Structure formats: structure tokens, C-alpha cells
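In the text below, chain A, chain B and the rest are named by the order of the sequence lines, each starting its count at 1. Bear in mind the structure is a predicted one, so any value in this text is a computation, not a measurement.
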Protein chains: 2
Amino acid sequence: MSSPELSPTGSVILGMLALGKQTGYDIKQFVDKSTRHFWAASYGQIYPELKRLEEQGLIRGRQEPTGGRPRTVYDLTDAGKEALHSWLRSDVEPLVELRDEGMLKLFFSDTLPEHRIDNIRAMRERQERKLAQLRAIEQHAGEGMHRGPYLTLQLGIGQTQWFIDWCEATERRLAEMERE
Amino acid sequence: MSSPELSPTGSVILGMLALGKQTGYDIKQFVDKSTRHFWAASYGQIYPELKRLEEQGLIRGRQEPTGGRPRTVYDLTDAGKEALHSWLRSDVEPLVELRDEGMLKLFFSDTLPEHRIDNIRAMRERQERKLAQLRAIEQHAGEGMHRGPYLTLQLGIGQTQWFIDWCEATERRLAEMERE
DNA sequence: AGGTGCATGTAACAGGTTACATGATTAA
DNA sequence: TTAATCATGTAACCTGTTACATGCACCT
């Protein structure tokens, strides 16, 4: 009865269809300006996954060419909606994976302590760029935003801002210690 | 002259040797209670990488059996120290990769809005578990901690704490809105 | 006429995890 | 004696990225 294991990537696609995205291309564009910061996806994942989901009967695709240009539009089947819901409800430990080379540099910064502040400053600058991107999304998406994406965006902004503040405070503290 | 591309995994190993870790096993143990939260590593990466680094002349290994039990102890060569330094100094955009299924669930929570608060609560509980782990490391490592690892730990604790606070505030806000 | 965007797809590759295999030492 | 810990290693597998290939439509 319950579908045979839905991968997180599969859930993303179901979720994106639920948010009204229609084609693989469409999904990729939207991922790149929304979930990218905590869940990226490439065409190499999306298109094969769409086929797999269709084989499993969770989504349904039909050809809707734009003029002579081929185009496959997908939507959720009832089974697909159910699969999405049961993923949202399920309480199996969700996957979390982080690889952050900047943190690693901070961690190993005793090896080159003169550069520690530079490392932190560089981290801060990257976070500032990220914050600018998130703010741009916030401006751009404006009113028409779903609540889930909105909350996620606010969380991202707050988090990034906190990180920046931490960096600033730590830069100051380290600079003071150096002067002594 | 400059070594032919040092992978982040390679840098981790060099860094760990610089922090005084000696064997592959040793490195793995320490990674698991320190960098794991932002950079994990498995034996399947560590042992082959140690061999590669030795071939490149960045580390030197010698047999130091404990009784009849084989054991290879590594340390940095001068070239290895230089490679570690140049990695720390380099300002090529450091790798950042995050996959967070919990965020994804929040993002798609419009599909099942009755469960949104549960999702946030579950996120908070996971962060609380993480915070407990970090605090345990803080207690346990105590005095003898290098500055880089210490700063990284404080950053992690602060970040996690902020996240928990955000979840609490948001849970309250959503609960209020529901009552209206 | 030409560049950009829409749209689909895949093969080769890179990176990492899991599971397994092996065996000595030490503490209970 | 037996379980846990120390210690090393690899093969099979899985997941994801990059690079490439293709071609129409639309705007200027």
C-alpha cells in the first residue's frame, strides 16, 4: 500500500509540484532561488527522479508543447499527495548533512593564528553576501509568498544575521586581545 | 612547487595531525566528537587519504605497533605544514554544502498546515539534542582546548541556541494565530 | 542574424557511506 | 571468558555534479 521508499529528492519534487511548479526546468529554477541554501538539486537529479516518480504512480506527466518546443507538464496524483503528506508527518530522523570548509579553517586556525581574524572576516563577508541574496528574495517575492517558504526565509535571514553579529563581536574581541 | 591540489578532506587530515592526532583511528574518533557537526569523515575516506598524502610527501608514516597489534603513526612533513598553511591562507571560495530535510519540511508545510507546529517542535527538539551534545563536549574538553576548536564550539553553541529560541518564538506565534 | 531563455536529457566522473573482513589488547 | 576498544583496510554501492548535446522561441 504505502509507496516503496520516497527519497528526500523525491519529496522535494512532490513538494514543488504541490507549490504549483510544472516542469523539470521550472522546478530547477525555483529550487535555485529558494531551497538552494539548504537543499540543492541539479537537472541530473530532477529529470531522472521525475521519471521514477511517474513509474511509481506518484505523479502524472503530459506533453504540452509550447509551439514546436517539447514540454512535459507534471502534476500530483492522489497517491502522490498521500506520499507527500506521509513524508511530512513521518518522524523518522530527517537527514542533515553539512560540509563547511570555512568552519574547518576556523577550527584549525591555531596552525596560523595571525590569520584567524582574516578567516573570521572572510566568513562574515560570505554571510553578508548570503544575507543580501535572502533579502533580495524577500523583496522580490513580496506578497504572493506561501507561509512555509516565508517562514523558512525568515529563519534563514535571522540565522545569517546572527552569524554576522557573532563574527563582528569575535573580530572585536580577538583584535583587543592582540593589542594587549 | 605548490602541491597538486589538496582536497578539503586532505586538509582535515593535515589539520588533525597538526593538532596532535596520530593514527587514522585516532583522527576518526576525534572528528566524531568535534568537526562532525560541520565536517564528517569515515574510515573509507581517512585511510585511503592518508596513503595519498604520504605519496605526495605531505605526511610521513612509521610503524609503531602496540604489542603485536599493527599501528601506523603519522606526522606532518615540512611540505605538509606548508600545504596546510597555504590552504588556511588561500581565499578561493570555500566549499559549503547543506542538506537539511527538516528545513525542507518547513518549506513545504503548507501542504499539511495542521502539522506545521509539530514540524517546528521536532526541529527544536533536534536542536536541543545537538545543544546538549555540544555542551557535553564543552564540559568534557574543559581547559585543554585549542583556541580554534574552542571558538568553533562556542559558535556552534550560540548558533544552536539561537535556532532553539527562534523555534520557541515561532511556535508561540503560530499557536496564537491558530486561536484567532 | 544572433543572443538569451525555455526545455530536456544523459554519460562520465567524483565523492562519500555501508558493510564486511580481520585480528590483537585490555578491562570486567 | 567475553565484551569493548584499538586498529586497519576495502569492495560495492549510492548519490550527486559537471559537462555535454540538442533544438525551438522570442526579442532586438
Side-chain angles (χ1 to χ4, degrees), chain A residues 4-13 16-17 21-33 35-36 38-55 59 61-74 93-101 104, chain B residues 4-13 16-17 21-33 35-36 38-55 59 61-74 93-101 104:
Chain A
E5 299 314 320
L6 180 62
S7 68
T9 305
S11 326
V12 176
I13 297 200
M16 287 296 174
L17 294 179
K21 308 302 152 194
Q22 310 214 57
T23 67
Y25 185 82
D26 214 3
I27 291 172
K28 166 72 171 156
Q29 300 311 301
F30 190 62
V31 163
D32 281 348
K33 53 182 162 115
T35 68
R36 167 176 57 111
F38 51 90
W39 199 284
S42 64
Y43 288 123
Q45 279 175 274
I46 293 171
Y47 285 114
E49 187 68 30
L50 282 167
K51 295 213 166 148
R52 245 170 281 143
L53 292 172
E54 190 168 26
E55 274 161 33
I59 65 179
R62 49 188 199 288
Q63 300 304 316
E64 282 196 6
T66 314
R69 184 207 290 157
R71 182 157 171 271
T72 313
V73 169
Y74 290 94
E93 193 70 10
L95 191 154
V96 184
E97 269 174 36
L98 175 59
R99 286 186 175 258
D100 189 324
E101 204 179 345
L104 223 40
Chain B
E5 298 317 318
L6 180 62
S7 68
T9 305
S11 325
V12 176
I13 297 200
M16 286 299 174
L17 294 180
K21 307 303 153 195
Q22 308 212 61
T23 68
Y25 184 82
D26 212 2
I27 290 172
K28 167 72 171 154
Q29 299 311 301
F30 189 63
V31 163
D32 282 348
K33 54 180 162 114
T35 68
R36 166 177 59 112
F38 51 91
W39 199 285
S42 63
Y43 288 124
Q45 281 175 274
I46 292 171
Y47 285 114
E49 188 67 31
L50 282 168
K51 294 215 166 147
R52 246 170 282 142
L53 291 171
E54 189 167 26
E55 274 161 32
I59 64 178
R62 50 186 198 288
Q63 301 304 317
E64 281 196 8
T66 314
R69 185 206 290 157
R71 181 157 172 272
T72 313
V73 169
Y74 291 93
E93 194 69 13
L95 192 154
V96 185
E97 271 173 36
L98 175 60
R99 283 180 181 262
D100 189 323
E101 203 179 347
L104 224 40

For the pair made of [atom1] in [X] and [atom2] in [N], what is the distance, rounded to whole Å?
X: B/F30; N: D/dT5; atom1: CZ; atom2: P; answer: 19 Å
X: A/E101; N: C/dG15; atom1: CD; atom2: P; answer: 12 Å
X: B/D32; N: C/dT18; atom1: CG; atom2: C1'; answer: 14 Å
X: A/R52; N: C/dT10; atom1: CZ; atom2: C1'; answer: 13 Å
X: A/K51; N: C/dG9; atom1: NZ; atom2: C1'; answer: 7 Å
X: B/K28; N: C/dG16; atom1: NZ; atom2: P; answer: 13 Å
X: A/E49; N: C/dT8; atom1: CD; atom2: C1'; answer: 16 Å
X: A/E54; N: C/dT8; atom1: CD; atom2: C1'; answer: 14 Å

Measuring to OP1 and OP2 of [N], would you say a side-chain N or O of [X] lies under 4.0 angstrom away?
X: A/S7; N: D/dT15; result: no
X: A/Y25; N: C/dC6; result: yes
X: A/Y47; N: C/dG9; result: no
X: B/R99; N: C/dG16; result: no
X: B/T9; N: C/dG16; result: yes
X: B/Q45; N: C/dG15; result: no

Any side-chain heavy-atom pair of [X] and [Y] under 4.5 Å:
X: A/Y25; Y: A/F30; result: no
X: A/Q63; Y: A/T72; result: yes
X: B/T23; Y: B/I27; result: no

- request: With side chain to side chain contact (heavy atoms under 4.5 Å, CB included) as the test, would you mind laying out the steps for B/W39 and B/V12 before giving the verdict?
  value: CA-CA 9 Å; B/W39 199 285; B/V12 176; 3.8 Å; yes

- request: May I ask you to say what A/S42 touches in the nucleic acid, namely base, sugar-phosphate or nothing, with a heavy-atom cut-off under 4.0 Å?
  value: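 Base contact - A/S42 has a heavy atom under 4.0 Å of at least one base atom.
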
task: Considering non-hydrogen atoms only, spot the tightest contact between A/T66 and A/R71 and give its length.
output: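 Heavy atoms only, the tightest pair is OG1-CD, 3.2 Å.
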
message: To check you understand the geometry: which heavy-atom pair defines the closest contact between B/A41 and B/V31, and what is its length?
response: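 Reported closest heavy-atom pair: N-CG1, 3.9 Å.
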
task: Rounded to 10°, tell me the angle between the two end axes of the helix from C/dA1-D/dT28 to C/dA28-D/dT1, each built from five pairs.
output: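 One end's axis against the other's: 30°.
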
query: Which residues, if any, of residues 62-74 of chain A bring a heavy atom under 4.0 Å of DNA chain C?
result: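 Of all residues in residues 62-74 of chain A, the ones placing a heavy atom under 4.0 Å from DNA chain C are A/T66, A/R69, A/P70, A/R71, A/T72.
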
query: With the threshold set at 4.0 Å, does a side-chain nitrogen-carboxylate oxygen contact exist between B/R99 and B/E97?
result: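 No salt bridge links B/R99 with B/E97.
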
message: What I want to find out is whether A/E49 reaches A/R52 closely enough, with some N-O distance under 4.0 Å, to be called a salt bridge.
response: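 Yes, this pair counts.
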
message: If I take atom NZ from residue B/K28 and atom NZ from residue B/K33, how far apart are they, to the nearest 0.5 angstrom?
response: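 Between B/K28 NZ and B/K33 NZ, I get 13.0 Å after rounding to 0.5 Å.
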
- request: Evaluate the side chain to side chain contact (heavy atoms under 4.5 Å, CB included) criterion for residues B/L6 and B/L53: first the C-alpha distance (whole Å), next the side-chain angles of each, then the deciding distance (0.1 Å), finally the verdict.
  value: CA-CA 9 Å; B/L6 180 62; B/L53 291 171; 3.9 Å; yes

